[in-house]
Q: 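Here it is: the structure, laid out below.
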There are 2 protein chains.
Amino acid sequence: MPGDPKQKIVHAAMELFALKGFNSTSISDLLSRTQHHSGSLYHFFPGKQDVLIAVLEAYREGIRPMLLEPAWKGIEDPIERIFALLRSYRGMLVETDCTYGCPIGSLALELHEPDPKVRELLAENFSAWTSAVESCLHEAGRRIPPDLDKRALAEFILTTMEGGVMQARTHRDIAYFDRNIAALRTHFDLLETRAQAHA
Amino acid sequence: MPGDPKQKIVHAAMELFALKGFNSTSISDLLSRTQHHSGSLYHFFPGKQDVLIAVLEAYREGIRPMLLEPAWKGIEDPIERIFALLRSYRGMLVETDCTYGCPIGSLALELHEPDPKVRELLAENFSAWTSAVESCLHEAGRRIPPDLDKRALAEFILTTMEGGVMQARTHRDIAYFDRNIAALRTHFDLLETRAQAHA
DNA sequence: GTCTATAAAAGGATAGAC
DNA sequence: GTCTATCCTTTTATAGAC
């Protein structure tokens, strides 16, 4: 529903939490952006925390349709799909002058003592991302050493993205992100060489 | 000066910003922890932001004496010094049940639109850390391919630490950190193999 | 330099009419 | 379901005595 007010609030919250963070986004910010009033928001959500939960659920549900499918359009090679996914984060950084990176990573580090439900949803977002990358690694077959822990490598790829985003944002310079991705590419090249050597 | 009230406030702020974040730490929190009163704090600092600046300067000045020297005690091998540094972050995570990681990384992602001075200090903290690691890489000499960009690899090591901390904190499980460090160790092993092959 | 008291504003949330 | 008005708390910051 495009006019669904609940969805509209969640959508605004996704944008504002990514842009300013959770604590720095006030209920008033959400209301003024959605042109709703507090009675409306509190009709749908018991409190601000519940808006955050809805946001994290929306991100989790959106990983495939909103993130992976656009990034993977026209790309079949499983390893190139991983780098295409990383490029989509690069695109977000470039579009926003290196201010907006991964919304999940930002929230994960902003919220130090999160509600258990919130922490669980952050973890589920990371896990779903990691699983998608892990699938690509399995599809890559013998280009990766067969004895290598694919799940661990997928987590390392998430680390590369998050660390690259963090440094690019902090230095306001996309080159930090690019050098991290280049280092990961070197890692893949070395792994592929080793996989061939053992073949 | 151990009783210096200004230092005492900065010290409390370092702890509380790391524990709860900047926005979630109130001036009252700082005052109750230091047993001072608002007149005292505002005598030394024009505002809360200036406490943050003092905190970031203290972290920057503390990198060598508080972080590197303890981590490197008794360790001479330059590559093992890098992994010893990473272990000191592991120690912080374990001591705090995976709630407290790198204070600079947390602040870097919490503060989305920081004051230019604050952003610059965050960047300086990352740069100083990266430079220290880069020095180790240069000392490692021929164990690393000579054509490899040592600065970029040092940034990739920072990325590994920050990404490992982020995932360990989010999942409340140190194994995520350990697997990231293991992946980095694999990367070093592969680089060393390549360096030998070209020798 | 440190204390008390308090101003001034912002933020989360609620009540009740419509 | 949505609007207006408002309560209550927290928070940053200031004033002025000591």
Side-chain angles (χ1 to χ4, degrees), chain A residues 1-58 106-107 110-119 121, chain B residues 1-56 58 106-107 110-118 121:
Chain A
M1 304 297 180
D4 178 3
K6 187 171 179 175
Q7 286 298 101
K8 202 171 161 189
I9 291 168
V10 171
H11 188 249
M14 291 173 86
E15 288 185 2
L16 289 174
F17 292 170
L19 197 69
K20 311 174 45 164
F22 176 72
N23 285 310
S24 297
T25 299
S26 67
I27 299 285
S28 313
D29 290 334
L30 292 173
L31 298 176
S32 67
R33 170 161 301 215
T34 54
Q35 299 283 40
H36 283 274
H37 297 256
S38 79
S40 190
L41 188 148
Y42 284 101
H43 173 72
F44 294 112
F45 302 99
K48 192 185 177 187
Q49 179 110 262
D50 303 274
V51 178
L52 174 60
I53 287 169
V55 161
L56 292 172
E57 286 170 345
S106 296
L107 289 168
E110 178 188 355
L111 306 167
H112 290 241
E113 291 156 327
D115 179 281
K117 176 78 180 165
V118 169
R119 196 195 57 71
L121 279 166
Chain B
M1 304 296 178
D4 178 3
K6 187 170 181 177
Q7 287 298 103
K8 200 170 162 191
I9 290 168
V10 171
H11 188 250
M14 291 173 85
E15 288 186 359
L16 289 174
F17 292 171
L19 197 69
K20 309 174 47 163
F22 175 72
N23 285 310
S24 297
T25 299
S26 67
I27 300 285
S28 313
D29 290 335
L30 293 174
L31 298 176
S32 67
R33 171 162 300 215
T34 55
Q35 300 283 39
H36 282 275
H37 297 256
S38 81
S40 188
L41 188 147
Y42 284 101
H43 173 72
F44 294 110
F45 302 99
K48 190 185 175 186
Q49 180 109 264
D50 303 274
V51 179
L52 174 60
I53 287 169
V55 160
L56 292 172
S106 295
L107 289 168
E110 177 188 354
L111 306 168
H112 291 241
E113 291 155 328
D115 179 282
K117 177 78 180 163
V118 168
L121 279 166

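So that the names make sense, note that chain A is the first sequence line, chain B the second, and so on, each numbered from 1. Owing to the predicted nature of the structure, the values given are computational and were not obtained by experimental measurement.
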Q: To the side chain of A/H37, which of D/dG1, C/dT2, D/dC3 is closest?
A: D/dC3
Q: Quickly work out the A/D4 CG to D/dG1 C1' distance and round it to whole Å.
A: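 One finds 12 Å between C1' of D/dG1 and CG of A/D4, rounded.
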Q: Tell me: CD1 of A/I27 to P of C/dT14, nearest whole Å?
A: 11 Å
Q: Do B/D115 and B/L52 come close enough that some side-chain heavy atom pair is under 4.5 Å?
A: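 B/D115 does not reach B/L52 side chain to side chain.
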Q: What distance do A/K20 atom NZ and B/L111 atom CG have between them, rounded to the nearest 0.5 Å?
A: 13.5 Å
Q: B/F45 has an atom CZ; how far is it from atom C1' of D/dA13, in whole Å?
A: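 Rounding to the nearest Å, CZ of B/F45 and C1' of D/dA13 are 15 Å apart.
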Q: How close or far is atom P of C/dA13 from atom CG of A/D50, stated in whole angstroms?
A: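 Spelled out: CG on A/D50 to P on C/dA13 is 9 Å.
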Q: Without decimals, in angstroms, what is the distance between B/Y42 OH and C/dG1 C1'?
A: 17 Å
Q: Would you kindly give the NE2-to-P distance between A/H43 and C/dA17, to the nearest whole Å?
A: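 From A/H43 NE2 to C/dA17 P: 18 Å.
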Q: Between A/S24 and A/S38, just flag the one whose closest nucleotide in DNA chain C comes earlier from the 5' side.
A: A/S24
Q: Considering only D/dT12, C/dG12, D/dG1, which nucleotide approaches the side chain of B/S28 most closely?
A: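 The nucleotide sitting nearest to the side chain is D/dT12.
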Q: How many Å lie between CD1 on A/I9 and C1' on C/dA13, as a whole number?
A: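 So the CD1-C1' distance, A/I9 to C/dA13, works out to 14 Å.
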Q: Quick one: are B/L41 and B/H36 in side-chain contact, heavy atoms under 4.5 Å?
A: no
Q: B/Q35 has an atom CD; how far is it from atom C1' of C/dT2, in whole Å?
A: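 It works out to 14 Å between those atoms.
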Q: Does any part of the side chain of B/S24, heavy atoms only, come nearer than 4.5 Å to the side chain of A/N23, both counted from C-beta?
A: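 Answer yes - side chains close enough.
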